[in-house]
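Chain letters run A, B, ... following the sequence lines, proteins first, then strands; residues in each count from 1.
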Protein chains: 2
Amino acid sequence: MALSSKDTHSVFTKFLAEKSLRMTSQRELILKTFCKQKKHVTAEELYDILKKLDPSIGHATVYRTLKLLSEAGIARELNFGEGSVRYEPDLDREHHDHLVCVKCGENIEFLDEEIEALQKRVVTKYGYELVDHSLNLYGVCPKCQETK
Amino acid sequence: MALSSKDTHSVFTKFLAEKSLRMTSQRELILKTFCKQKKHVTAEELYDILKKLDPSIGHATVYRTLKLLSEAGIARELNFGEGSVRYEPDLDREHHDHLVCVKCGENIEFLDEEIEALQKRVVTKYGYELVDHSLNLYGVCPKCQETK
DNA sequence: TTGATATTGATAATGAAACTCATTAGTAAT
DNA sequence: ATTACTAATGAGTTTCATTATCAATATCAA
Ligand SMILES: [Mn+2]
Ligand SMILES: [Mn+2]
Ligand SMILES: [Zn+2]
Ligand SMILES: [Zn+2]
């Protein structure tokens, strides 16, 4: 049962209010457009999409807002070693990791509770306090395996 | 029983020969210096160290050679989301992942065979052919937990 | 040696992301 | 509505890591 877009909006508004920041039309548009995306987008890709909806939108505002959305827990940053960060909606989704095809970029999301538990075991073993983790598996997808 | 530096040298030479590339004094110095490092270094950090040994060394040569060393399997690229890539010797070392303190950067290397096995299970489940993986755990180290 | 080719290092170019700042917009009290 | 305050915006600049260019140099095989 995914949360409605109204929820991300109110979560963001609340987050902003707590920091004496303001909900603006740009932030609303960026939030709404970001949440619609099916794929993990870069700031640049989202900017290109937004430009069509509001040609006056600024480069920096997209970067700034994605950062805010991450802080608010609405977005998650992903790093697949491409040189730029990707973002995905994170609020109404359960945690998952990624399996990426190195040939075509196809992206599978998976969740392995056993791996999750073992990670916690490692962190505990060394006396650390877990903050975050990043697990990316890189491989060749079935389709790309055929293409020799 | 680690391999001697003579081995990395011959591995690199063989790798270069197979690609009709040449072993040069710069590549020898970079290889030797890189393998001596105890920590994961960025290209920039290694460049600073190399400058003291050979002030004529070029920026681009360090970047280029680290890339070659990675292709040759002598170095491994690490991405801790800092904005720059780190490298570590990989030839005479067994695989491991990293637990990084988000406060002080302290870096623990660990190997969990169970996690490794489960990763393979995930990849197999989706019909992928595993190429690589990246697992980074981020936390607060015991020392930094004290500092409130 | 010589000729072909690879390498180098200085420098320029690139691309992502952060910063600057003058202008605009939102807020809350008058 | 007017005001005063503060935050937000977007154009443009800046930084930083990394890559590309290219003329000069080094290496190699014949
Ligand atoms: Mn995802
Ligand atoms: Mn390591
Ligand atoms: Zn593929
Ligand atoms: Zn620490």
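Contacts of residues 38-57 of chain A with DNA chain C (heavy atom under 4.0 Å): none. Near DNA chain C, meaning a heavy atom under 4.0 Å from it, residues 63-75 of chain B has B/R64 in order of number.
Every side chain to side chain contact (heavy atoms under 4.5 Å, CB included) that B/E18 has, sequence neighbours left out, goes to B/K14. Looking at residues two or more places apart in sequence or on another chain, you find a side chain to side chain contact (heavy atoms under 4.5 Å, CB included) between A/T33 and A/L29, A/Q37, A/L46, A/I49, A/L50, A/L53. With sequence neighbours left out, B/V123 forms a side chain to side chain contact (heavy atoms under 4.5 Å, CB included) with A/L99, A/L137, B/Y128, B/L130. In terms of the ring-ring contact (aromatic ring centres under 6.0 Å, His included) criterion, residue partners of B/H59 (sequence neighbours excluded) are, by chain and number, B/Y47, B/Y63. In terms of the salt bridge (charged side-chain N to carboxylate O under 4.0 Å, His left out) criterion, residue partners of B/K19 (sequence neighbours excluded) are, by chain and number, B/E71. Remark: B/R76 engages B/E88 in a side-chain hydrogen bond (donor to acceptor under 3.5 Å, both in side chains) (not counting sequence neighbours). Contacts of B/F80 classified as ring-ring contact (aromatic ring centres under 6.0 Å, His included), with partners at least two apart in sequence or in another chain: B/H98. A/H133 is linked by a ring-ring contact (aromatic ring centres under 6.0 Å, His included) to A/H95, counting only residues two or more places apart in sequence or in another chain.
Salt-bridge annotation for A/R86 and A/E45: present, with a side-chain N of the basic residue lying under 4.0 Å from a carboxylate O of the acidic one.
Comparing C/dG9, D/dA7, D/dT9 against the side chain of A/L21 picks out D/dA7 as the nearest.
At the phosphate of C/dA25, neither OP1 nor OP2 sits under 4.0 Å from any side-chain N or O atom of A/Q26.
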Under-3.5 Å N/O pairs linking protein and nucleotides 24-28 of chain D:
{"unit_1": "D/dT27", "atom_1": "O2", "unit_2": "B/R22", "atom_2": "NH1", "d": "3.0"}
{"unit_1": "D/dT27", "atom_1": "O2", "unit_2": "B/R22", "atom_2": "NH2", "d": "3.3"}

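Checked by atom type, the side-chain pair B/E77/B/H40 shows no donor-acceptor distance below 3.5 Å.
For the pair A/E82 CD and D/dA17 C1', the interatomic distance rounds to 16 Å; values are reported in whole Å. Rounded to a whole Å, the CZ atom of A/R86 is 11 Å from the P atom of C/dA16. Here C/dA16 presents its C1' atom at 17 Å from CZ of A/F80, a figure rounded to the nearest Å. Put simply, CG on B/L16 is 7 Å from P on C/dT7, counting in whole angstrom units. If you measure from atom NE2 of B/H59 to atom P of C/dT11, you get 13 Å, rounded to the nearest angstrom. A/R27 places its CZ atom 15 Å from the P atom of C/dA25, with the value rounded to the nearest Å. Going from atom CG of B/L29 over to atom P of C/dT8 covers 11 Å, rounded to whole Å.
For the helix from C/dT1-D/dA30 to C/dT30-D/dA1, the axis fitted to the five pairs at one end and the axis fitted to the five pairs at the other end meet at an angle of 30° (nearest 10 degrees).
Annotation for A/K120: atom NZ does not count as buried by contact number, only 12 or fewer foreign heavy atoms lying within 6.0 Å.
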Report the C-alpha separation of A/T65 and A/L31 in whole Å, then their side-chain angles, then the decisive distance to 0.1 Å, and conclude whether the side chain to side chain contact (heavy atoms under 4.5 Å, CB included) test is met.
CA-CA 8 Å; A/T65 304; A/L31 171 63; 6.0 Å; no
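Counting all heavy atoms, side chain and backbone alike, B/P142 lies closest to A/G127 at CG-O, 3.5 Å. Counting all heavy atoms, side chain and backbone alike, A/C101 lies closest to A/V140 at SG-CA, 4.0 Å.
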